[in-house]
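For reference, the structure is listed below as structure tokens.
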Amino acid sequence: MNFNITARDSASKARAGVLTTDHGTIQTPIFMPVGTAGSVKAVHIREIKEDVKAQIILGNTYHLYLRPGLDILKKAGGLHKFNGWNRPILTDSGGYQVYSLAGSRKIKEEGVVFQSHIDGSRHHFTPEGVMDIERAIGADIMMAFDECTPYPCEYQYAKKSMEMTHRWLQRCVDRVNTTDPLYGYQQSLFPIVQGSVYKDLRKISAETIASHGCDGNAIGGLSVGEPAEMMYEMTELVCGILPDDKPRYLMGVGTPANILEGIALGIDMFDCVMPTRNGRNGMLFTKNGIINIKNEKWNDNFDPIEVNGASFVDREYSKAYLRHLFRAGEILGPMIASQHNLAFYLWLVGEARQQIIDGTFYEWKNRAVKQLMQRL
RNA sequence: GGGGGGAUACCAGAGCGGUCAAAUGGGGCAGACUGUAAAUCUGUUGGCGAAGCCUUCGGAGGUUCGAAUCCUCCUCCCCCCA
């Protein structure tokens with residue numbers, strides 16, 4: 001894996017770069033659609049490639065391990081061949097499930113015992129085991145196994161958790177260094193900074209993570225309910241410590257405004273379920289602001305979903321029609337909304353990239369943040 | 001022609017003397033959603049203002065301290081037998 005920074009913004013920490021993997025290059029800053037169970041929900045792979053123009057998507061270790069399972073994944077020749085996405089894939093480690101499925105797991109030093117949300121069966125996730133799973137999935141970027149702490153989180157717990165995540169990281173590194181990829185292409189490990197919203201912990205964590213010299217570094221444990229300003233503060237602090245010449249990935253973020261602010265702080269990679277989940281629930285992100293397509297006001301609005309929108313669905317369908325699809329419970333509604341939102345998110349990071357290259361990013365960002373988040 | 005059942009809020013449908021502005025669904029309206037247990041979840045749905053008040057349960061009368069609930073008549077609908 002190789003990362004080249006091709007342009008920097010003078011008024012902020014934003015940068016534009018190119019990340020090279022064995023499955024192709026990624027123009028940063030980038031947004032990565034989430035494909036938890038091997039599918040970006042409600043959107044065909046062909047649309048993800050050709051219409052959304054995604055460059056890398058996510059998969060999830062916990063979910064793919066439970067279903068379809070490693071045997072099928074290996075027989076398929078890895079996730080790329082299984083789901084038809086022949087470009088880079090990043091897998092989350094299950095660290096987020098430690099947070100989101102807190103009610104059905106137990107954390108120990110050795111690892112985490114999950115009780116399957118599917119059938120209740122118990123499964124041990126150790127740092128070593130998670131690396132093996134991510135090898136079997138065939139991710140180009142494998143996230144280290146961590147604990148994503150909740151918000152709020154008491155200092156003592158955040159500290160203990162962070163220290164364990166650091167120990168787990170060493171075990172992940174050791175495992176990756178003593179095993180080989182299964183499918184003949186390189187797989188990179190990205191470690192994850194934790195430390196909740198505590199500056200001293202974040203500092204220690206960022207230094208620890210940086211010391212491993214990995215191909216890229218991630219910031220986790222944010223966007224879990226803390227105020228946005230707190231998230232920006234932590235991000236800024238951590239970005240100042242993580243190596244400048246490696247890609248930085250802010251996990252689970254976020255709203256269009258969150259992403260632009262993150263880019264301004266030096267983040268190169270983002271992922272979030274928001275465009276797909278909120279899309280399935282009728283929320284559309286556009287250049288002019290946010291639309292709840294289920295609202296009565298769109299009842300007889302036959303204008304395109306978004307004039308000059310990034311996706312063909314923006315021109316093909318009207319707001320009134322999309323509202324009708326949602327009200328009628330038609331599956332096409334969530335499909336159109338998901339595709340629109342993803343195309344918008346990819347347009348957003350692409351535009352940010354161009355503004356960085358043009359040297360106009362900072363001013364553009366400040367204007368865009370206000371416009372993008374207003375309710376229409 | 002004879003016998004029986006019914007009419008409740010946008011719809012369907014509980015309630016059968018006071019705790020009823022009226023259960024529950026659906027529909028409507030609105031909100032939430034940030035490394036996905038989510039095509040999910042929440043709120044609200046007679047009027048007006050904060051407690052509270054005002055007009056409602058086919059229509060008109062009546063009984064009662066009090067009626068969606070009991071009685072009488074009327075209107076309309078459904079079922080069975082001829």
Side-chain angles (χ1 to χ4, degrees), chain A residues 31-43 56-64 66-67 90-105 114-120 130 134 139 141-151 165 190-194 218-228 230-232 235 249-259 261-262 267 269-283 285 290 292-299 323 325-338 341 345 373 375:
Chain A
F31 177 79
M32 309 180 282
V34 179
T36 305
S39 135
V40 178
K41 293 186 192 297
V43 187
I56 170 173
I57 65 174
L58 262 66
N60 182 278
T61 300
Y62 170 84
H63 289 281
L64 290 169
L66 286 181
R67 198 165 50 193
L90 178 152
T91 42
D92 185 32
S93 59
Y96 186 75
Q97 279 62 46
V98 176
Y99 157 79
S100 67
L101 301 176
S104 49
R105 55 63 173 165
F114 282 103
Q115 193 158 9
S116 163
H117 67 284
I118 300 167
D119 64 4
V130 166
E134 294 190 83
I141 298 173
M142 306 185 292
M143 299 310 299
F145 192 43
D146 68 332
E147 180 190 2
C148 176
T149 50
Y151 179 85
T165 287
F190 278 28
I192 304 170
V193 174
Q194 288 293 340
I219 305 171
L222 293 176
S223 65
V224 288
E226 78 284 0
M230 220 172 243
M231 174 170 81
Y232 299 148
T235 301
Y249 165 28
L250 182 55
M251 305 182 78
V253 173
T255 65
N258 292 160
I259 287 174
E261 297 296 356
I267 299 294
M269 304 162 71
F270 301 87
D271 79 284
C272 192
V273 304
M274 197 171 273
T276 44
R277 179 189 287 168
N278 289 34
R280 288 197 303 283
N281 294 323
M283 181 184 282
F285 297 95
I290 296 170
N292 183 343
I293 200 64
K294 292 191 276 194
N295 284 176
E296 190 171 27
K297 66 173 94 168
W298 309 115
N299 200 38
R323 167 170 149 89
L325 292 177
F326 268 96
R327 294 195 336 137
E330 286 291 331
I331 188 74
L332 184 58
M335 290 171 67
I336 290 170
S338 298
N341 280 346
Y345 265 62
M373 298 311 289
R375 303 287 173 139

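Keep in mind that this is a model prediction, so the values were computed, not measured.
Nucleic acid contact for A/Asn60: sugar-phosphate only, since backbone atoms but no base atoms lie under 4.0 Å from a heavy atom of the residue. Contacts of A/Leu250 with the nucleic acid, taken as non-hydrogen atoms under 4.0 Å apart, are absent. Here A/Glu330 lies out of heavy-atom contact (under 4.0 Å) with every strand. Contacts of A/Arg375 with the nucleic acid, taken as non-hydrogen atoms under 4.0 Å apart, involve only primed sugar atoms and P, OP1 or OP2. Within 4.0 Å of A/Gln194, counting heavy atoms only, lies at least one base atom of the nucleic acid.
The phosphate of B/rG28 has neither OP1 nor OP2 within less than 4.0 Å of any side-chain N or O from A/Arg323. The side chain of A/Ser100 contributes an N or O atom lying less than 4.0 Å from OP1 or OP2 of B/rA37. Distances shown here put a side-chain N or O of A/Thr36 below 4.0 Å from the OP1 or OP2 atom of B/rU36. For B/rA38, the OP1/OP2 oxygens have no side-chain nitrogen or oxygen of A/Arg280 closer than 4.0 Å.
Of the nucleotides present, B/rA32 is the one that pairs with B/rU40 by Watson-Crick or G-U wobble criteria, both distances under 3.5 Å.
In summary, the aromatic rings of A/Phe114 and A/Tyr62 are positioned with their centroids under 6.0 Å apart. If you look at A/Tyr96 and A/His63, their ring centroids are not closer than 6.0 Å.
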Name the pairs: protein N/O against N/O of nucleotides 42-46 of chain B, kept only if under 3.5 Å.
none

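Distance from the side chain of A/Met274 is smallest to B/rU34 among B/rU40, B/rU34, B/rG28. Taking every side-chain heavy atom of A/Thr255 into account, B/rU34 is the closest of B/rU34, B/rC33, B/rG35.
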Derivation and outcome, side chain to side chain contact (heavy atoms under 4.5 Å, CB included), residues A/Arg105 and A/Val98:
CA-CA 7 Å; A/Arg105 55 63 173 165; A/Val98 176; 3.7 Å; yes
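Put simply, the side chain of A/Asp146 and the base of B/rG35 share a donor and an acceptor less than 3.5 Å apart.
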